[in-house]
Chemist: 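I have a structure here, written as structure tokens, and I will follow up with some questions on it.
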Amino acid sequence: MIDKLIDLIADAVKDYAGEAVLPTFSVTVPAGEDHGDFSTGVAFGLAGPLKMAPHDIASEVAVRMRAHTDLIDRIEVVKPGYINFIMGRAFWHGSLRHIAERQTDYGKSDVGRGKKVLIEFVSANPTGPIHVGHGRGAVIGDVLARVMAASGYEVTREYYINDAGNQVLSLGYSVLNEYYKTNNIKPLSNTGEYRGDYVVSISGTLASMIPPAEINEQNIKRITEFSVKSVLGDETRALPNSSIKEALRSFNITFDNWFSEKKLYDDGSVAGIIEELNKRHAVKQEEGATWFLSTLYGDEKDRVLKKQAGELTYFASDIAYHVNKYKRGYNGLINIWGADHHGYLPRIRAALTALGYDADRLIVLFVQMVRLMRGDRPVAMSKRAGEYVTLKELVDEVGTDAVRFFFLQRSHESQLVFDIDLAKKQSQENPVYYVQYAHARISSIFGYALTKGWNVDAIEQRDSYVFTSQEKRLLAQCLIYPEVIRDIVAKGEPHKLTYYLVELVGILHRYYTDTRVVGDDQDTGQRLLLMNVVKIVLKNALDLLGISAPEKM
RNA sequence: GCGCCCGUAGCUCAGUGGAUAGAGCGUCGGACUUCGAAUCCGCAGGUCAUGGGUUCAAAUCCCAUCGGGCGCUCCA
């Protein structure tokens with residue numbers, strides 16, 4: 001319905017100034033009540049090209065709209081150059097009908113037009129349980145995936161497993177040494193760098209997988225593989241409750257694809273990439289190592305692909321991984337990375353460009369750090385020392401819905417302080433309950449209404465009903481929901497959805513305290529229909545956030 | 001030193017060219033014999049880090065400075 005208003009404005013602008021100067025503009029719900037039901041600032045965008053005062057332009061546009069306005073009661077041009085709209089009854093009733101008819105589809109669109117998009121996120125090294133910082137990236141990637149899927153994109157969610165190289169090998173040694181220690185065997189010189197309960201758990205189940213006689217350094221590869229599987233959750237005996245997959249599952253996050261780095265070595269992809277770069281004269285040999293000339297493509301310095309010692313770098317396999325993504329035919333690639341990987345992007349872009357791929361199709365969202373506190377005490381985070389708060393622990397303490405909501409209230413590019421004590425204390429008053437309560441409350445109203453003979457599904461909408469200003473405000477907020485979704489997709493900022501919900505729910509709760517919904521009058525039915533529409537929006541939005549919409553709480 | 005992000009209410013954070021700068025938590029004070037008080041209403045709290053500039057209009061854009069975080073590995 002808002003689209004109609006936008007079209008009307010656009011037509012008037014074209015009529016007045018021509019299509020060429022039509023700026024991108026939006027329609028907003030203004031803060032004050034005396035600024036109309038909806039408002040637009042198109043005139044500001046036209047002021048530059050037309051070299052006129054915004055207010056004069058707004059007047060001209062408004063005049064051209066007054067001709068065809070069966071949906072609009074009044075148009076006002078105000079102060080610096082706003083055009084405010086006071087909508088008519090037909091508009092409100094049409095809107096109500098529109099949302100009610102679309103139901104679970106309300107807010108969905110096809111702006112993606114079936115474009116294939118790959119979202120890679122979390123991708124934490126399988127060397128230990130995932131922690132709180134990963135959780136933040138996980139929710140951001142997950143919600144972005146949900147929102148884009150609802151907007152007509154064909155989304156694949158992928159987790160890249162770094163199961164090759166020194167890090168996982170070090171895990172293997174850590175487990176082996178733990179095994180030696182508990183069985184009083186003389187330890188090796190390579191003790192591995194990971195400590196923690198999970199290392200003990202894995203070593204405890206090692207003998208059930210590998211015959212004790214074969215548990216030694218000669219079989220470090222097998223031990224490593226077993227350890228990685230345990231950490232990931234593919235081998236459930238060792239860490240049934242704290243594996244990466246279990247932590248993500250309990251955090252309501254799923255993946256379509258778990259992509260193995262090791263596979264890229266095994267099938268020759270990594271070697272092939274170096275060969276291909278070599279063919280394109282983007283490689284040099286120096287000091288016994290093989291370098292990619294990334295400075296030719298805008299990076300600060302050249303990067304090593306193959307070390308002096310002969311082993312390939314993580315960078316080399318990462319190029320292969322990204323090339324693999326392109327080859328799988330995705331139009332859009334989105335990576336959610338920790339902000340500490342910021343300096344890594346130029347070299348990946350350089351490599352993709354050198355290999356003839358369009359690096360602009362790769363978008364990276366950098367998620368800033370999470371600093372953990374317990375009250376005023378910072379919590380030390382050291383994965384290697386086994387000293388950290390895992391995502392699973394946090395979710396068990398605070399709850400999936402609350403943690404997800406909390407992470408989604410912050411912009412991904414702001415660092416945030418997560419006070420565990422506060423989060424636990426707040427779990428009673430967490431904003432997420434504010435939102436969920438609204439949903440439960442409407443359900444409860446419906447239950448009560450039913451005892452009074454009002455069945456929401458059987459009520460007929462009466463177009464003669466005149467909405468109160470609060471009711472119009474409520475409807476207006478429901479009507480901008482699709483705009484919010486569109487905005488999130490365009491800017492990659494899923495946190496806007498929680499803010500939207502808090503605002504919507506605030507209007508609802510205020511309305512509820514001021515207005516008796518289920519009364520003795522015939523208008524009861526019309527109010528119930530409005531509640532139904534709010535409930536639809538709440539449900540749809542909470543679904544996109546991966547947060548439950550309870551009927552009771 | 002260079003690059004990226006940040007600096008907004010006591011705390012945690014929204015707002016990133018436009019109408020009186022917002023929310024949650026925290027303080028204090030009010031509202032349930034009637035649809036859910038996990039709610040609502042009110043009070044208090046701001047030189048939007050600082051200084052300059054651009055603009056009809058700046059928390060928002062540009063420059064400088066100060067402060068904080070991260071990165072600048074033949075680590076991943």
Side-chain angles (χ1 to χ4, degrees), chain A residues 28 30-32 34-35 39 41 43-45 47-48 53-55 78-82 84 123-125 127 162 164-168 170 261 286-291 300-301 303-315 317-318 338-346 366-369 371 373 376 406 409-419 422-423 425-426 428-438 440-449 451-452 454 493 495-496 498-499 502-503 505-506 508-519 524 527-528 531 552-553:
Chain A
T28 59
D34 44 342
H35 296 312
S39 180
F44 298 116
H55 189 272
V78 212
K79 279 194 250 171
Y82 290 99
N84 297 336
S123 299
N125 282 350
T127 51
N162 294 118
N166 292 327
Q167 300 291 323
V168 287
S170 177
E261 177 191 9
E286 204 173 281
E287 296 166 21
T290 305
W291 301 70
E300 305 177 322
K301 49 187 283 196
R303 310 289 174 177
V304 172
L305 294 167
K306 190 176 193 173
K307 303 179 200 171
Q308 208 170 27
E311 71 190 297
L312 295 161
T313 59
Y314 170 85
F315 176 48
S317 58
D318 215 18
D340 54 341
H341 285 62
H342 197 279
Y344 195 73
L345 182 58
F366 291 99
V367 178
Q368 291 288 328
M369 306 283 109
R371 241 174 55 231
M373 309 278 285
D376 354 308
F406 186 91
Q409 279 184 287
R410 273 74 183 161
S411 157
H412 62 83
E413 55 191 16
S414 279
Q415 337 177 2
L416 80 89
V417 176
F418 197 113
D419 183 341
L422 188 68
K425 207 173 93 187
Q426 272 186 13
Q428 274 312 302
E429 295 148 62
N430 193 298
V432 72
Y433 298 107
Y434 184 67
V435 175
Q436 290 178 318
Y437 182 63
R441 196 173 222 183
I442 294 174
S443 302
S444 171
I445 294 173
F446 288 172
Y448 178 79
T451 68
K452 299 286 173 189
W454 293 96
E493 293 177 334
H495 71 281
K496 293 191 169 178
T498 54
Y499 274 85
V502 168
E503 205 172 359
V505 162
L508 176 80
H509 285 314
R510 256 165 268 142
Y511 174 68
Y512 179 87
T513 35
D514 292 349
T515 312
R516 177 88 197 169
V517 176
V518 182
T524 292
R527 289 190 292 266
L528 285 169
M531 290 298 100
K552 257 185 235 173
M553 45 192 294

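Numbers restart at 1 for each chain; the letters A, B, ... are given by sequence-line order, proteins then strands. The structure displayed is predicted, hence computed values, not measured ones.
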Chemist: Tell me what A:Tyr512 touches on the nucleic acid: a base, only sugar-phosphate, or nothing, going by heavy atoms under 4.0 Å.
Modeler: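 A:Tyr512: base contact, heavy atoms under 4.0 Å.
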
Chemist: So what does A:His35 touch, heavy atoms closer than 4.0 Å: a base, only the sugar-phosphate, or nothing?
Modeler: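 Base contact.
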
Chemist: Taking for each residue the nucleotide of RNA chain B bearing the nearest heavy atom, is the 5' side occupied by A:Lys307 or by A:Gln368?
Modeler: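 Per heavy-atom nearest nucleotide, the more 5' residue is A:Gln368.
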
Chemist: Students often get this wrong, so: under 4.0 angstrom with heavy atoms, is A:Tyr448 touching a base, only sugar-phosphate, or nothing?
Modeler: sugar-phosphate

Chemist: Tell me what A:Ser444 touches on the nucleic acid: a base, only sugar-phosphate, or nothing, going by heavy atoms under 4.0 Å.
Modeler: base

Chemist: For A:Thr515, which contact category applies under a 4.0 Å heavy-atom criterion: base, sugar-phosphate, or nothing?
Modeler: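 Base: the residue A:Thr515, judged by heavy atoms under 4.0 Å, touches a nucleobase.
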
Chemist: Applying a 4.0 Å non-hydrogen cut-off, can you work out what A:Val417 is touching in the nucleic acid: base, sugar-phosphate, or nothing?
Modeler: sugar-phosphate

Chemist: What's A:Asn84 touching, base or sugar-phosphate or nothing? Going by heavy atoms closer than 4.0 Å.
Modeler: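 Base contact.
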
Chemist: Under 4.0 Å, counting only non-hydrogen atoms across every strand here, what does A:His341 touch: a base, just sugar-phosphate, or nothing?
Modeler: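 Answer is base: heavy atoms of A:His341 come under 4.0 Å of a base.
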
Chemist: Given the C1' atoms of B:rG46 and B:rG3, what is the spacing between them in whole Å?
Modeler: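 Taking atom C1' in both B:rG46 and B:rG3, they lie 33 Å apart.
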
Chemist: To the nearest 0.5 Å, tell me how far A:Trp291 CH2 sits from A:Thr313 OG1.
Modeler: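 Answer for the CH2-OG1 pair, A:Trp291 versus A:Thr313, is 10.5 Å.
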
Chemist: Check every strand shown and say whether A:Phe446 touches a base, only sugar-phosphate, or nothing at a heavy-atom separation below 4.0 Å.
Modeler: nothing

Chemist: Just to be sure I understand the rule, does A:Lys552 reach a base, reach only the sugar-phosphate, or reach nothing, if contact means heavy atoms closer than 4.0 Å?
Modeler: base

Chemist: Taking the nucleotide of RNA chain B with the nearest heavy atom to each, does A:Thr28 or A:His509 sit closer to the 5' end?
Modeler: A:Thr28

Chemist: Heavy atoms only, 4.0 Å cut-off, all strands: where does A:Ala440 land among base, sugar-phosphate and nothing?
Modeler: base

Chemist: Is A:Arg410 touching bases, backbone alone, or none of the nucleic acid, heavy atoms closer than 4.0 Å?
Modeler: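 Base, at least one base heavy atom under 4.0 Å.
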
Chemist: Donor-acceptor pair, A:Trp454 side chain versus A:Val518 backbone, under 3.5 Å?
Modeler: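 Here the side-chain-to-backbone pair does not exist.
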
Chemist: Categorize A:Gln436 for me: base, sugar-phosphate, or nothing, with a 4.0 angstrom heavy-atom threshold over every strand shown.
Modeler: nothing

Chemist: For nucleotides 29-33 of chain B, give me every protein contact, N/O to N/O, under 3.5 Å, one pair per line with atom names.
Modeler:
none

